[in-house]
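Read the structure below first, then the notes.
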Number of protein chains: 6
Amino acid sequence: MNRKLRILLVNSNTSAATTQQVANAARALAPDVEFTAIESRCGPAGIGGRADVVISALATFEAALEAAPGHDAVVVACFSDPGLAALREVLDIPVVGIGESAYLTASMLGARFSVVTPGLRVAPMVHEAVQAAGLVSRFGGVTLIDDGVIQAENRLPVLIEGVARAVATQSAEVVVLGGAVFAGLAQAVAAESDVPVVGSVEAAVVQALALCRLQAGRATIGSYSRPRRKLMTGVSPVVAQHLAIGG
Amino acid sequence: MNRKLRILLVNSNTSAATTQQVANAARALAPDVEFTAIESRCGPAGIGGRADVVISALATFEAALEAAPGHDAVVVACFSDPGLAALREVLDIPVVGIGESAYLTASMLGARFSVVTPGLRVAPMVHEAVQAAGLVSRFGGVTLIDDGVIQAENRLPVLIEGVARAVATQSAEVVVLGGAVFAGLAQAVAAESDVPVVGSVEAAVVQALALCRLQAGRATIGSYSRPRRKLMTGVSPVVAQHLAIGG
Amino acid sequence: MNRKLRILLVNSNTSAATTQQVANAARALAPDVEFTAIESRCGPAGIGGRADVVISALATFEAALEAAPGHDAVVVACFSDPGLAALREVLDIPVVGIGESAYLTASMLGARFSVVTPGLRVAPMVHEAVQAAGLVSRFGGVTLIDDGVIQAENRLPVLIEGVARAVATQSAEVVVLGGAVFAGLAQAVAAESDVPVVGSVEAAVVQALALCRLQAGRATIGSYSRPRRKLMTGVSPVVAQHLAIGG
Amino acid sequence: MNRKLRILLVNSNTSAATTQQVANAARALAPDVEFTAIESRCGPAGIGGRADVVISALATFEAALEAAPGHDAVVVACFSDPGLAALREVLDIPVVGIGESAYLTASMLGARFSVVTPGLRVAPMVHEAVQAAGLVSRFGGVTLIDDGVIQAENRLPVLIEGVARAVATQSAEVVVLGGAVFAGLAQAVAAESDVPVVGSVEAAVVQALALCRLQAGRATIGSYSRPRRKLMTGVSPVVAQHLAIGG
Amino acid sequence: MNRKLRILLVNSNTSAATTQQVANAARALAPDVEFTAIESRCGPAGIGGRADVVISALATFEAALEAAPGHDAVVVACFSDPGLAALREVLDIPVVGIGESAYLTASMLGARFSVVTPGLRVAPMVHEAVQAAGLVSRFGGVTLIDDGVIQAENRLPVLIEGVARAVATQSAEVVVLGGAVFAGLAQAVAAESDVPVVGSVEAAVVQALALCRLQAGRATIGSYSRPRRKLMTGVSPVVAQHLAIGG
Amino acid sequence: MNRKLRILLVNSNTSAATTQQVANAARALAPDVEFTAIESRCGPAGIGGRADVVISALATFEAALEAAPGHDAVVVACFSDPGLAALREVLDIPVVGIGESAYLTASMLGARFSVVTPGLRVAPMVHEAVQAAGLVSRFGGVTLIDDGVIQAENRLPVLIEGVARAVATQSAEVVVLGGAVFAGLAQAVAAESDVPVVGSVEAAVVQALALCRLQAGRATIGSYSRPRRKLMTGVSPVVAQHLAIGG
């Protein structure tokens, strides 16, 4: 490892501003790492529902497959982790999602974690994700903050209040800031909070570095082994190249 | 309800042969219902992995949105239920998946259900689906049968043996035949088995009819309420029409 | 199936008024089906505790065994599903309970269901039933409404308020109206609610029809196979006929 | 407590021989206690299915209500604990079941308990009971022994082999002998086994004594508070006296 | 059993006053039993955190090993059960902890138990202990009371209010008083409460008596079998004697 | 971060050879980090039981407190994570355990992880640890290998066979090598295996680095906040300094 590690950050939505924010947070956290940051080419500008996830999962998958060559790991920078499992199946390098990374990291920092996030409709989806991760017995719940936080000049007060509310009402011992749009804010929020605060983009970056260093190997059997080639039609060239013949 | 109910069957893979088999099984089970049967326009010919699910989820979503008008319910005819949650969010009519329907139906027929299915790599995905459905405490596990069953002239002996093995090794009290490719075979398998056998396509058809009759209403809040319109780019016209502005 | 399906509705309590209400709701929902409606010959006029369940389980069992011949399915119309498992063991036709049917049906309509029901003392029993069904990870809890609702002229406002409270305090995405006494009211409640509303009698009727159509077969081994004949004393003739020799 | 404690043992089946065996085991274990032993007046001679449980639950309930006056506690001596919850609701003295007592006691003696019992059809029912008790994460499973053991001259070798098999195949650290018919045998089985062995009747006797001594009080609200009087028809006099008016 | 049973009570903290209170409560509950009461020789005067548990676990282990000879059972009198598993591994007599005993006993007295205890920081530890016991599905939660209760002249009003709050806010059907410092108060609290109240020291005493009478045997394999002798250095003589050679 | 990170490795047992192996593995994995490696001053030479854990928890706690100053993180290098929670409570720097780290890391690499480890008696303890971590739904179980592996010249073949067996019999998709004694071997085992292999020491090192970089903050309330000073007697000076006054 004489050269710098190269990590690909894929913002699952189409907002270049969010991509930039994610990249800035990653670079501040890991100035010794080289980051490439891209966004999905198509799909929603913000991901906040079940259809959004289906659409951005394929967009994320395609964008990541295309840009992955030359990188050591991929970070899916959307709190719903769209396309994460598919990328792990197809790529040979570690792939992490900011949702899963945040849940796992938080569980080392306290007995019970809550997620502070805007968006009433995503709360059940967060619950499903924590359950899929296997960590529901460690989960305090979702503490909702106002959707307006996303456009706010200064998001810190809203986030700090959210963390305090999670502590008071859900007995949270550690809090995850749920969403790529909060990249770079966790340490400032933690400084004003009674419990550790985990930024989800930050958690994914450190977990990607952890897996890069670990070199644990690649499954050749099971649900994460490389797919067998099969007849596939009408998919984009990069997907076809990784998965399909014929067409 | 003076007219016949109309149900849209969406085969998530691109195999017209599978579509035909699904349609035949549905019509045999419900000759009083009008079925439209279509397949995904793009994606894999058979769905057996995590990338396949991502690709066919969007293909299923698009195909179903396009064909749904004029129908009373939609059946997603793929055991992984790709796109199911997204369709429920967007459409105003009931949408069921053959996986979820089979798990729920089986749980009324015995204390513990197993799934007989080919494909070593899908076993963990079935487990994840049962867990997401909330029924893991009722689940006996996956009993694998040889992949060759899909192309076999006569699939009955393999399925009957699989059911018997699920009973003997997993204490199954009811067995689900996992996969659209087994549509129409469950009753013949049940006739030679010691426990009830649930065909997954058949379960979805009867559950679609159940929900049509129930008329339980539509969520206007929560994670299945209709998505708010938002900036969405580069999606197909039918998706754009349901979800997006701009673009 | 040239003849109409015939479904036996067994009200587990002794109130003929409740039986009538259940029958009316079933007939309105399924005018194409022939319903027989009976009540238990003995036991409590309303079921609201653990002793009530033990008493009415046998009464339901006896009443259903006696009246079952000639029917295609049985609905146990009591939210505690008394005698359900016993009837499934003994009868060759599908048997459903309004509790279990409601939980399973609700889980296709939202991420998290709550139960609106009167009766502080039954809340733990509902929780136990959901856990036995295996669906506790999908359960939001019981939202209590005043007992007076049962005698109220107009129950709709109380039920509508209960649903709203379940949404607000338990993040319910779908609500079950718990109890045979609410038969026939769900659609009207749903019309005034933000989430789908599942009537429990209605859910059982549609699930009975689903199982009738499915013809999934009968267990000949396991805990739902027909009991072996054994010495049984002092039981009613119909129970003796199904289960006992000697006496 | 100058007088001896008096415990009522209710054998839920109608076999006087089993009653006698239960009484003998109880007296050997607690010669300082006065035991009354009765059996159900009606129902099956042996309980091995779901209908049996419904029938014997009411028979147990009636028999126990009738004989309870003058006793300090009641033991329901059937591994399915029929009528247990109902008796707790109605009686003011502690009531324990041999199933629940065995599971709770076993969980103090090892990390993981298995149940050795005859009867393929009861295995799912045992699983359901352990889940209802809340102890499924401590449960290794049911290890089946041949039904013939019930009539065997010498049951010890079969039980000892069953315990050894539970240790070898389910990693059991403690084993419960499931069934009233094994009363009095646990210590002899334990003497030949590598792990602690809990007799279910014995566990219930010691737990009954524990609760007698504890004097923890009686619920006046909740699902175990005394039922409110209500219209009840056609029930036996003792049930009527405890539960009903009118009729 | 011609002689009185002898039970060793080990207060895990160093407070002689607490030891005395525990002993008094035990003797009042079981005047027919001989109790020896000791405290840890070192460690914290009150146990209220994770480091406290580590320190007092070894202190409890050492104190109990030293004093155990001649006794029939050991009670670890600290709600965190420090050293409980280790003592079970090493000693041949039953060992119970006041936490585990209380949870198990409570689960026979109602559908859902809560724990009333002071100390915000111990709430997550109680949750972890209930989960380790396997009873989390029966757990209503921790109801916190003010820390000042420990020094209060009259603790009854605080405890009674705590129980009432657990009933009102957590739907508790039975309440555990969490902590050795409440030994002897449960019956008086129960007398003023709507639900049964379980004192944790009292629960442990009755469970110790239950296990003494049961004589269920000793594991010779598995995680509670006696440790193999191994090289151990720098431990106290009594630990060395039980566990070590060399040194 | 101009200086190298400094991580303290604490081997919980007293074997200097194991300490050396752990240090070598850590340095090979992270040559850019400065490691200090120490072992417990007292307790067992190898940790394989419940008493061992109690003894080594305090020894680990004391050793780590003493050596921690000047370091950026602590790794507890024993698969039972003795003293981990206590150190997190007391120290201001991140503390990780090799057990917990391995479980969390593995869960990013496959759907289901197994643990390969020697020692029949530790299997239940591993199960308890996974449950405490919250990951039991992701756990395939413990695959036992012969105890002799610890002294073996060449451990690779035994470990490789163990991994293969975990895949074949527990459907493991990723395998954890359980124990500090396997430090440094995971990559070589992975090279010969069909699934990713996670070394537990290696996982802890990368997670320690992840938490160092994350800087998520310190709890000032809850079960991981710094203990309040209290009366503590007879403890070692370093413990006294961190926890106690008086004495």
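Chain identifiers are assigned alphabetically (A, B, ...) following the order of the sequence lines, protein sequences preceding nucleic acid strands; residue numbering begins at 1 within each chain.
In this structure, D:A51 and C:L243 approach most closely via the heavy-atom pair CB-CD1, 3.8 Å.
In terms of non-hydrogen atom pairs under 4.5 Å with chain D, the most contact-rich of C:A45, C:A132, C:P44, C:P227 is C:P44. Ranked by heavy-atom pairs under 4.5 Å with chain C, the list D:V122, D:L58, D:T14 is led by D:L58.
Side-chain contact check for D:V54 versus C:T60: every heavy-atom pair is 4.5 Å or farther apart. The side-chain heavy atoms of C:R121 and D:I221, taken from C-beta on, include no pair separated by under 4.5 Å.
Once rounded to the nearest 0.5 Å, the distance linking OG of D:S56 with CE of C:M232 reads 8.5 Å. Atom CZ of D:R50 is separated from atom CZ of C:F61 by 12.5 Å, given to the nearest 0.5 angstrom. In this structure, the separation between CD1 on C:I55 and OG on D:S236 is 8.0 Å, given to the nearest 0.5 Å.
At a 4.5 Å heavy-atom cutoff, the contact between C:S225 and chain D is made by backbone and side-chain atoms alike. Of the atoms belonging to D:A57, heavy atoms from both backbone and side chain fall under 4.5 Å from chain C.
Within residues 80-94 of chain D, the residues having any heavy atom under 4.5 Å from a heavy atom of chain C are, by residue number, D:G83, D:A85, D:A86, D:E89, D:V90.
Here D:R228 does not pair with C:D52 in a salt bridge; the nearest charged N to carboxylate O distance is not below 4.0 Å.
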